[in-house]
> 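I have a structure here, written as structure tokens, and I will follow up with some questions on it.
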Amino acid sequence: MTLMSRAQLGFILLVATASLLEVSEAKTIVVGGSEGWHFGFNYTDWALRNSPFYINDELVFKYDSPSKTNSGYSVYLLPNLWSYITCDFSKAKILASETQGKGGGFKVELNQWRPYYFASGNKDGYNCKDGLMKLFAVPLPRWNY
């Protein structure tokens with residue numbers, strides 16, 4: 001076999017393999033399932049039980065607006081693992097306010113292969129620290145064979 005025919009064979013194998021791989025559809029996942037996003041639910045545990053998450057999956061944060069029974073919730077994107085562990089919001093980016101979780105909820109697409117650290121920043125981090133309102137997701141590529 002000549003070098004050119006090996007290259008052609010390699011190209012044919014590459015094209016054949018690529019045609020067998022099909023990107024499956026992204027999923028929409030409600031954070032907390034039927035529990036939604038609220039104080040006192042362990043979202044780290046929920047995320048571990050419901051992973052893996054995949055690139056282009058969409059997380060939906062559903063929560064009630066502030067009322068007499070809750071002080072309000074939010075969704076922040078924390079910059080790193082240390083901020084997640086310590087519930088440090090000093091460099092966090094707010095994604096959804098106290099009112100954006102009602103109805104269909106607030107949606108976040110996991111569009112990159114990287115860790116995402118989410119938390120509720122209300123009450124000076126109390127929801128995150130004592131209320132367990134934090135979760136992380138590291139989406140993976142999804143391929144069907």
Side-chain angles (χ1 to χ4, degrees), residues 6-145:
R6 284 185 184 171
Q8 290 171 333
L9 179 59
F11 180 75
I12 290 170
L13 287 173
L14 178 65
V15 170
T17 302
S19 68
L20 293 175
L21 296 175
E22 174 186 322
V23 177
S24 65
E25 290 189 34
K27 293 183 180 179
T28 299
I29 303 149
V30 176
V31 173
S34 61
E35 291 283 328
W37 185 240
H38 68 82
F39 189 88
F41 186 84
N42 189 332
Y43 293 96
T44 300
D45 182 57
W46 175 87
L48 291 172
R49 285 186 283 112
N50 287 277
S51 59
F53 301 110
Y54 295 95
I55 294 173
N56 296 326
D57 279 353
E58 189 173 66
L59 297 181
V60 181
F61 293 83
K62 291 186 175 186
Y63 51 94
D64 294 331
S65 295
S67 68
K68 292 179 183 177
T69 58
N70 82 62
S71 61
Y73 310 123
S74 57
V75 180
Y76 280 81
L77 181 63
L78 301 169
N80 54 49
L81 179 60
W82 183 250
S83 295
Y84 172 81
I85 292 169
T86 62
C87 293
D88 176 6
F89 289 85
S90 62
K91 295 182 181 169
K93 176 183 176 187
I94 189 159
L95 300 178
S97 70
E98 295 175 341
T99 59
Q100 289 178 278
K102 63 184 176 182
F106 177 77
K107 299 173 183 173
V108 177
E109 183 180 350
L110 304 175
N111 58 11
Q112 296 177 20
W113 181 57
R114 67 175 188 86
Y116 289 83
Y117 303 103
F118 300 103
S120 178
N122 293 50
K123 297 184 78 173
D124 293 326
Y126 180 74
N127 285 353
C128 178
K129 293 174 189 166
D130 295 332
L132 304 175
M133 293 185 73
K134 60 182 179 177
L135 74 98
F136 67 92
V138 182
L140 303 172
R142 177 187 286 141
W143 298 96
N144 286 341
Y145 295 96

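The first residue in the sequence is number 1, and the count goes up from there. This one's a predicted model, so the numbers in the text were calculated from it and none came from an experiment.
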> Measure the spacing between NZ of Lys107 and OG1 of Thr28 and express it to the nearest 0.5 Å.
6.5 Å

> Run the side-chain contact (heavy atoms from CB on, under 4.5 Å) test against Lys27 and tell me which residues pass, sequence neighbours left out.
Ile29, Asp57, Arg142

> Could you check whether any side-chain heavy atom of Leu132 comes within less than 4.5 Å of a side-chain heavy atom of Phe41, counting everything from C-beta outward?
no

> So, do Trp37 and Met133 sit near enough that their side-chain heavy atoms are less than 4.5 Å apart?
yes

> To the nearest 0.5 Å, what is the distance between CG (Asn70) and NZ (Lys123)?
10.0 Å

> We want to know whether Asn50 and Tyr43 form a side-chain donor-acceptor pair, criterion being a heavy-atom distance below 3.5 angstrom.
no

> Of all heavy-atom pairs between Leu110 and Ala137, which one has the smallest distance, and what is that distance?
CD1-CB, 4.2 Å

> Which pair of non-hydrogen atoms, one from Trp46 and one from Val30, has the smallest distance, and what is that distance?
CZ2-O, 3.3 Å

> Leu95 versus Phe118: any side-chain heavy-atom pair under 4.5 Å?
yes

> Aromatic rings Tyr76 and Phe89: how do their planes relate, parallel, tilted or perpendicular, breaks at 30° and 60°?
perpendicular

> Just list the side-chain donor-acceptor pairs under 3.5 Å for residues 99-106, sequence neighbours left out, or say none.
unit_1 : atom_1 : unit_2 : atom_2 : d
Thr99  : OG1    : Ser97  : OG     : 3.4
Gln100 : OE1    : Ser97  : N      : 2.6
Gln100 : OE1    : Ser97  : OG     : 3.3

> For the backbone of Asn127 and the side chain of Asn122, can you confirm whether one donor and one acceptor N or O come within less than 3.5 Å of each other?
no

> Can you classify the ring geometry of Tyr84 versus Tyr117 as parallel (below 30°), tilted (30 to 60°) or perpendicular (above 60°)?
tilted

> Quick one, Phe53 with Leu59, criterion side-chain contact (heavy atoms from CB on, under 4.5 Å). Give me CA distance, side-chain angles, the key distance, then yes/no.
CA-CA 9 Å; Phe53 301 110; Leu59 297 181; 4.1 Å; yes

> Locate the shortest heavy-atom distance separating Ala119 from Lys134; write the atom from each residue and the value.
CB-CB, 3.8 Å

> Which residue is it: Tyr126, Tyr63, Tyr73? I am looking for the one with a ring-ring contact (aromatic ring centres under 6.0 Å, His included) to Phe39.
Tyr126

> What closest approach, in Å, do Leu78 and Ala92 show between heavy atoms, and which atom pair accounts for it?
CD2-CB, 3.5 Å

> Grab the two heavy atoms, one from Gly72 and one from Pro66, that are nearest each other, plus how far apart they are.
CA-CG, 3.8 Å

> Can you list the residues that meet the side chain to side chain donor-acceptor pair (under 3.5 Å) rule with Glu35, with sequence neighbours excluded?
His38

> Do Lys62 and Val31 come close enough that some side-chain heavy atom pair is under 4.5 Å?
no

> Within this structure, what is the CD1-NZ distance for the pair Ile85 and Lys129, rounded to the nearest 0.5 Å?
13.5 Å

> Measure the CD1-CG distance between Ile94 and Leu77 for me, rounded to the nearest 0.5 Å.
11.5 Å

> Strictly distance-based, threshold 3.5 Å: is any side-chain N or O of Ser120 a donor or acceptor partner for the main-chain N or O of Ser74?
yes

> Could you give the distance from CG (Asn111) to CG (Asn56), rounded to the nearest 0.5 Å?
7.0 Å

> Within this structure, what is the OH-CD distance for the pair Tyr54 and Glu25, rounded to the nearest 0.5 Å?
15.0 Å

> Between Ile55 and Leu140, is there a side-chain heavy-atom distance shorter than 4.5 Å?
no

